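Predicted model only: the values in this text are computed from it and were never measured. Starting from 1, each residue takes its place in the sequence as its number.
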Amino acid sequence: MTSKSRICTALTGVTALGKGLHTPAHSAKVVGMDERTPVIVGVGQVEDQPDDPFAGLDSAELMAAALNAAERDAGGGDWLASADSLAIVSQISFPDLNPVAPHVAAEIGATPAHLFETATPSGDSPMLLLNEAANRIARGEALICAITGGEALRTAARRAAVQEKRHDALRTAAHRQRLGYAQSHGLVVPTDVYPLYENALRAHLGQTLAAGQAESGALWAGMSQVAARTPSAWLHDAKTSAEIITPGPTNRPIAFPYTKLQVANASVNQGAGFIVTSLAEARRRGVPESHVIYVGMGAAAHEPGDILARADYYSSPGMAAAISHVLAFNRLTADMLDHVELYSCFPCVPKMARRVLGWPDDRDITVFGGLTFGGGPIGNYMSHPLACMVERLRSGGGTGLLFANGGYATHNHAIAVSSDPLPSARFPQEFSVQEQADARRGPVPPVNTDHRGAATIETYTVFYGRDGQPERGTIVARSGDGARTLATVAKDDTDTIAFLTDGSHEPVGTAGNVVDGPAELARWRCD
């Protein structure tokens, strides 16, 4: 048994974090509600930190362990064996297991009529699957729905290291294996793309680099403090704002202006799952009223999948539509919320979300610890704060809002949960608000891959190697006719790298030229 385990179970090296039943004081629930009212009755989280990676759990085993913890949390019995629906957030840690859903079903002894696995491990997946489970129950298509996900990237990487094999699951995942104009300029994984939003947002808000970083540092320091007191979080060492935003030997720069402590921590072994059923079935099985958490209505909208087909890089109409409509659907305002989870893969996301929601900057934006400190198990992150939110609402009552983001600031899904019924909640519901999001979107500029000549910086980033030194920069620029184009900055162009990163001037909006460069890639030249 690893010395890092916290609450031991029969599973070697595993921490089981689903809680047993407890009955705190709550306001009385409404009796005689619709038998198809969707409620959450069980949540479970597991983490695995084995000393020997070959003794560690793979992704499917993490998912099964999380669901078993959720079943215990629901009071035991045959919840999983009786499940009509099993929905899985897909995983990338162990590609040989894919599709992983049949493995999980076998592990938990379930033979559901509905067995589903998401096409990609997008960060909005758990909220989407929760919303779909609520609809399925309301339509009478299922009585018990189990939802789970898990990643063991830490174990997979350590096994690969022992076997002297290459392991880069984040960049080699099947859904990222395409080469296009953006990818040829280094925009491949989320770490490459979200800094474009950060730099554009800072300029749009009129912040200096120091002010933008200070906001990021304050948000992330707050999340580290939540993680420090949350048993299910991966890291428990609270950090100061200065520690988070200042590059150093243990906090290397990743992609400007983000350091390691500002990006999602995917090197984890974590699984989480939850059980959704009808209120009538929860009562029939003897689940205490104080243990039941009501599912509110959700809202979802998305940005174009092509990152160069965005209207701008300082806003997300899909995010704005999802958050504003989840409040409207549930007749809530920000000051009626007791807790929120604002997705935190990179600082630009909760910065935008907090402003849309109107959430004060002195209140926590997480109940789990965020993707840096709580842990970032790729697409299944939001299952962990959902479990934490359920536990908080059971103990103290109230209402929570969870906002999820996935892809490259692409997918957005928000949903409300509450210790008491939300009077306006009606299921099944149409949760897509795509039409409303599209109505908010400004004109999308054309893309000119062949532009050479004068242009203006729209946004940018600089990528760093593991030694902390710049490797290249990428500029998103606008030509005089408004078309969008890309250009690179060579690592030996130290003057331009300094101009982009030293904070002495705001690079966004400055003029320069796109010129021919090697390997058919355009280069950026400052005026």
Side-chain angles (χ1 to χ4, degrees), residues 1-5 11-15 45-66 88-100 103-104 120-123 148-177 188-192 194 227 232-237 249-255 258-272 345-346 369-381 383-384 463-468 471:
M1 177 71 72
T2 172
S3 61
K4 295 183 180 179
S5 293
L11 294 170
T12 302
V14 180
T15 301
Q45 301 182 68
V46 297
E47 67 173 40
D48 187 25
Q49 297 196 32
D51 295 323
D52 177 2
F54 292 94
L57 302 183
D58 62 32
S59 300
E61 292 166 331
L62 283 171
M63 295 180 197
I88 306 288
V89 179
S90 61
Q91 61 89 41
I92 64 173
S93 305
F94 286 81
D96 292 347
L97 289 177
N98 292 327
V100 74
H103 297 282
V104 178
T120 61
S122 180
T148 190
E151 291 282 2
L153 277 170
R154 181 183 177 90
T155 284
R158 291 191 170 189
R159 288 184 186 181
V162 170
Q163 297 169 333
E164 298 184 346
K165 295 180 179 179
R166 182 175 181 271
H167 184 273
D168 191 357
L170 294 177
R171 289 187 182 269
T172 60
H175 65 288
R176 292 181 178 140
Q177 294 308 294
V188 179
V189 295
T191 309
D192 307 330
Y194 282 89
S232 53
W234 189 258
L235 301 176
H236 298 95
D237 182 18
T250 60
N251 187 36
R252 62 186 177 88
I254 302 293
Y258 294 149
T259 62
K260 184 178 179 180
L261 286 176
Q262 289 173 274
V263 304
N265 175 17
S267 183
V268 297
N269 303 325
Q270 291 178 306
C345 50
F346 304 92
L371 282 95
T372 301
F373 308 103
I378 314 300
N380 195 51
Y381 170 79
S383 291
H384 291 272
F463 305 116
Y464 297 85
R466 298 192 68 83
D467 60 0
E471 289 193 330

Looking at every non-hydrogen atom in both residues, tell me the closest pair between [X] and [Y] and how far apart they are.
X: P53; Y: R158; result: CB-CB, 3.8 Å
X: I92; Y: P121; result: CG2-CG, 3.8 Å
X: G56; Y: R159; result: O-NH2, 3.1 Å
X: G271; Y: A66; result: C-CB, 3.7 Å
X: A55; Y: P50; result: C-CB, 4.4 Å

Using the side chain to side chain contact (heavy atoms under 4.5 Å, CB included) rule, take L153 and S93 through it: C-alpha gap first, then chi angles, then the decisive distance, then the call. CA-CA 5 Å; L153 277 170; S93 305; 3.4 Å; yes
Apply the test side chain to side chain contact (heavy atoms under 4.5 Å, CB included) to residues N269 and L57: give CA-CA distance (whole Å), side-chain angles for both, the deciding distance (0.1 Å), then the verdict. CA-CA 8 Å; N269 303 325; L57 302 183; over 6 Å; no
Any side-chain heavy-atom pair of [X] and [Y] under 4.5 Å:
X: P377; Y: H384; answer: yes
X: I88; Y: T148; answer: yes
X: F94; Y: E61; answer: no

Measuring from [X]:[atom1] to [Y]:[atom2], what's the distance to the nearest 0.5 Å?
X: K260; Y: N251; atom1: NZ; atom2: CG; value: 8.0 Å
X: L235; Y: T372; atom1: CG; atom2: OG1; value: 8.5 Å
X: E151; Y: L62; atom1: CD; atom2: CG; value: 9.0 Å
X: L97; Y: D58; atom1: CG; atom2: CG; value: 5.0 Å
X: D96; Y: H103; atom1: CG; atom2: NE2; value: 9.0 Å
X: T155; Y: Q49; atom1: OG1; atom2: CD; value: 9.5 Å

Donor-acceptor contact below 3.5 Å, side chain [X] vs main chain [Y]:
X: Q270; Y: G374; answer: yes
X: E471; Y: F463; answer: no
X: T259; Y: P253; answer: no
X: R252; Y: Y464; answer: no

How far apart are the C-alpha atoms of R154 and W234, what are their side-chain angles, what is the distance that settles it, and do they pass the side chain to side chain contact (heavy atoms under 4.5 Å, CB included) test? CA-CA 12 Å; R154 181 183 177 90; W234 189 258; 3.5 Å; yes
Can you tell me which residue among N98, I378, N380 is in a side chain to side chain contact (heavy atoms under 4.5 Å, CB included) with Q91?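 Of all the options given, the one that passes is N98.
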Partners meeting ring-ring contact (aromatic ring centres under 6.0 Å, His included) with F346 (sequence neighbours left out):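 ring-ring contact (aromatic ring centres under 6.0 Å, His included) list for F346, sorted by chain: Y194, Y258.
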Evaluate the criterion side chain to side chain contact (heavy atoms under 4.5 Å, CB included) for residue pair F373 and D237; output intermediate values, then yes/no. CA-CA 8 Å; F373 308 103; D237 182 18; over 6 Å; no
